[in-house]
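Inspection log for the structure reproduced underneath, given as structure tokens.
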Amino acid sequence: MKDFEKFFEDVPSDSLSAVIVVAMDMNASYNKLVTKHLPKARIVYDRFHMQSQFGRDVLSAVRLDEARRLQQQDQGR
């Protein structure tokens, strides 16, 4: 994050104030950094990372449901 912080420090403030949209992945640290330095900019998450996160969330939910189902099934024996 230090490299990104340095980037924002090195870019002239008038250039930063002209930024209206930032496309990035869903990293919370990036989000905080962009919000800090570009408070008026709109953040847009890229499709690849959104789909990837959705896939992980869905797979986690399915795994947990299946683990619970199997545990209940084992307890019934």
Side-chain angles (χ1 to χ4, degrees):
M1 297 283 44
K2 290 179 183 179
D3 290 338
F4 289 116
E5 190 72 48
K6 177 137 177 49
F7 167 80
F8 284 113
E9 291 169 1
D10 291 346
V11 174
S13 61
D14 59 329
S15 295
L16 292 176
S17 65
V19 175
I20 56 174
V21 177
V22 176
M24 64 182 182
D25 68 22
M26 298 167 60
N27 182 304
S29 296
Y30 293 156
N31 196 317
K32 286 180 185 179
L33 192 62
V34 168
T35 301
K36 175 182 171 185
H37 292 281
L38 305 170
K40 295 180 182 178
R42 186 172 183 200
I43 296 173
V44 178
Y45 298 117
D46 68 85
R47 179 181 283 185
F48 171 80
H49 287 97
M50 288 182 68
Q51 288 175 328
S52 177
Q53 183 64 46
F54 177 76
R56 283 191 298 271
D57 292 347
V58 169
L59 284 175
S60 292
V62 169
R63 275 192 218 109
L64 284 171
D65 288 347
E66 189 63 11
R68 287 184 193 117
R69 186 185 69 76
L70 290 171
Q71 188 177 33
Q72 289 173 352
Q73 187 178 11
D74 284 347
Q75 289 175 354
R77 290 182 183 179

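In terms of the side chain to side chain contact (heavy atoms under 4.5 Å, CB included) criterion, residue partners of S52 (sequence neighbours excluded) are, by chain and number, R56. Q73 is linked by a side chain to side chain contact (heavy atoms under 4.5 Å, CB included) to R69, L70, R77, counting only residues two or more places apart in sequence or in another chain. Shown here are the side chain to side chain contact (heavy atoms under 4.5 Å, CB included) partners of Q72, two or more places apart in sequence or in another chain: there are none. The side chain to side chain contact (heavy atoms under 4.5 Å, CB included) search around D46 returns D25, F48, H49, not counting sequence neighbours.
Ring geometry for Y30 against F4 counts as perpendicular: the plane angle is over 60°, on a 0 to 90° scale with 30° as the lower cut.
Under a 4.5 Å side-chain heavy-atom criterion applied to ILVMFWY residues, the cluster that includes L64 comprises that residue alone.
The hydrophobic clustering, which links ILVMFWY residues whose side-chain heavy atoms are closer than 4.5 Å, places V22 and V44 apart. Under the 4.5 Å side-chain heavy-atom criterion for Ile, Leu, Val, Met, Phe, Trp and Tyr, V62 and F54 are members of the same hydrophobic cluster.
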Name each donor-acceptor pair under 3.5 Å that joins a side chain in residues 12-19 to protein atoms two or more places apart or in another chain, with its distance.
{"unit_1": "S17", "atom_1": "OG", "unit_2": "S13", "atom_2": "O", "d": "3.3"}
{"unit_1": "S17", "atom_1": "OG", "unit_2": "D14", "atom_2": "O", "d": "2.9"}

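Contact detail for M24 and V34: the closest heavy-atom pair is SD-CG2, 4.0 Å.
L33 CG to E5 CD: the interatomic distance, rounded to the nearest 0.5 Å, is 5.0 Å. For the atom pair CD1 of I20 and NZ of K40, the computed distance is 12.5 Å after rounding to the nearest 0.5 Å.
For the residue pair H37 / E9, no side-chain donor-acceptor distance below 3.5 Å is found, with atom types taken as modelled.
Looking at R68 and D65, a side-chain N of the basic residue comes within less than 4.0 Å of a carboxylate O on the acidic one, giving a salt bridge.
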